[in-house]
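Following: one structure in structure tokens, then a few remarks.
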Amino acid sequence: MAAPLQLYCWRGDHGLPSVDADCLTVLAYAKFAGAPLKVHKITNPWRSPTGILPALKTREEGSFSQPSKIIIQLRKQKYNADYDLSAKECADTLAFVSLLEEKLLPALIYTHWVDAKNYVDVTRRWYAENIPFPLNFLLPNRIHGRQLERLRLVRGDPTLEPGEQLEKELYHDALECMTLLSQRLGSQKFFFGDSPSSLDAYVFGHLAPLLKIKLPNGKLQQHLNSLDNLRQFCTNILVLYFPSESREAPAKKVSNHADGGDFDNEPHKRRNQILSVLFAVGAMLGYAFLSGIITIKHTPARLEEPHVDEEEEEED
Amino acid sequence: MSLAAEAFVSQMAAAEPWPENATLYQPLREDQILLSDCASSLAVQAYLRMCGLPVRVCCRANAEYMSPSGKVPFIHVGNQVVSELGPIVQFTKAKGHSLSDGLDDVQRAEMKAYMELVNNMLLTAELYIQWCDDTTSSEITRPRYSSPYSWPLNHILAYQKQWEVRRKMNAIGWAGKTLEQVYEDVSQCCQALSQRLGTQPYFFNKQPTELDALVFGHLFTILTTRLTSDELSEKIKSYSNLLSFCRRIEQTYFEEQDRDGQSGTSQLSKGPSLI
């Protein structure tokens, strides 16, 4: 048996095994197919072999980052969750994955990365708190910029500005897409009967973050919550395939609620206060020193050689 | 089209019947139109013919700039202008012409999903081959796209468009693909369509839907367009049921209708035939 495959993905939170849709898709597929992966849950994409997350590292064929490619790799290693599907069901899988990518994904990007309130309150905050210093100042804004750019290009409108108009159009498509998925799922446990396939992994990956991460601007969430079978479908997968995460969820939620409250970052606040006072004092001293209000004189040097004074003046 | 405008249009649309002088605008057929635009335009024409709605095809060099969404084709009906297949389907639905009313919920979900499959894979592949394959873009795409304009505008516009498409490919992760991989994707998409179609005459048995129009528009255009290499059309030719599907729609909705009606408009509406 070859060395285990290594999968790098974003760390989980909010009762999810990972916060990122692509990572969730891959994780779910690996569970469905029973692939023994060595999973590294990290918060620094620079430590992934491809520079982005998720990434699958194989011994022979290098590293892969797109979910579809990762799934193909796993399939090559004989971990195939779609083994029982008929040719027509494989065709349906391809079609519904396209539906997700074209209709739901733009709205998901919008709701997590572009909608100002959600981005500032939830997404940027999570990434800023979890990505190690100093990348946490850089990466969230970079991802934000990239996602906005992506929306612009996909919509074919270079002057696109986030706003009500755009939101309406994107959400209209996304709500329709969720309704269609719910109709297709019907009363079945998974999309193709009793065992999960790659389509289930994709749907779960895209919908689970919506279900679990509470957003201030939650129109998509409200709609998902009104579709009972889809909500049940995501919860089922979480309970069946990621039992450890769903058990952790309540504990985490409590801490989240505390975080959300007013006396929020009490420990952080104290630390921040001390840091800012130190910073201010440093800045004042620096200014005083540079502008010559305070000068440091090496008394022994001065006694011996008078020309040191000249040097100090030059520095001023 | 914006949602508010869409709601308004559909209200207005419901009141008026389909006029005789409806017009569909597309770029010049002989010298200018590109594979992807031609496919979208043919899909809309096929859809309107399936609905039995007459439309006159009008070629304009500046069709892209006339369109409200910047994409061709668009139709001008009464005093309304609607572009692209999705909104046009909604628009005709508001006027009481629909092909997908007979489907149940699951079938409608599948129909929408397959339409997105065509948009996501076939259309993107066409754009990729047109603008990102260096031979095709320098020999066919840029000269055709810029044919109505004089120097230096022709170069500026063509490179601007190419730059935009390439950035889009970058954003959706297609930039790293090789031409071979793109052909592979097309093949995969055709296999899915072929599986779904099976031995039925149309995707949802006896009645054509907007999905049939969309698939026909793309496959027929690929089959009848000459590019720098034949590989794209070869991919489709290996699926015999898709070929006979194209032939069937061509016969039923283009040849027979043309024989019945005046032949003047028909010759304008569709390019070469498939035999």
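Per chain, numbering begins at 1; letters A, B, ... match sequence-line order.
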Side chain, backbone, both or neither: which part of B:Q191 has an atom under 4.5 Å from a heavy atom of chain A?
neither
Parallel, tilted or perpendicular, as decided by the 30° and 60° cut-offs, for the rings of A:F190 and A:F233:
perpendicular
Closest heavy-atom contact between A:A91 and B:Q195?
CB-CB, 4.2 Å
Is any residue of residues 48-57 of chain A within less than 4.5 Å of chain B by heavy atoms, and which ones?
none
Under 4.5 Å, counting heavy-atom pairs only, tell me which of B:A192, B:G173, B:A109, B:G70 racks up the most with chain A.
B:A109
Would you mind checking which part of A:Q147 comes under 4.5 Å of any heavy atom in chain B, side chain (CB onward), backbone (N, CA, C, O), both or neither?
neither
Which label fits A:Y127 and A:W10: parallel for a plane angle under 30°, tilted from 30 to 60°, or perpendicular past 60°?
perpendicular
Just by distance, with hydrogens left out, do B:N241 and B:S244 show a side-chain donor and acceptor under 3.5 Å apart?
no
Are B:E180 and B:E231 side-chain neighbours, meaning at least one heavy-atom pair lies under 4.5 Å?
yes
B:Y47 versus B:T92, side-chain donor and acceptor atoms under 3.5 Å:
yes
Using a 4.5 angstrom heavy-atom cutoff, name the option from B:D105, B:L193, B:V165 with the most pairs to chain A.
B:D105
Relative to each other, are the rings of A:F96 and A:F191 parallel, tilted or perpendicular (30° and 60° limits)?
tilted
If you measure only the distance, is there a donor-acceptor pair under 3.5 Å linking the side chains of B:D212 and B:T209?
yes
Considering the options B:Y159, B:W174, B:Y145, which one meets the ring pair (Phe, Tyr, Trp, His ring centres under 6.0 Å) requirement together with B:W131?
B:Y145
Which residue in the set B:F216, B:Y239, B:F203 passes ring pair (Phe, Tyr, Trp, His ring centres under 6.0 Å) when paired with B:F245?
B:F203
Residues in residues 111-127 of chain B that sit under 4.5 Å from chain A, counting heavy atoms only
B:K112, B:A113, B:Y114, B:E116, B:L117, B:N119, B:N120, B:M121
Side chains of B:S69 and B:S83: donor-acceptor distance under 3.5 Å anywhere?
yes
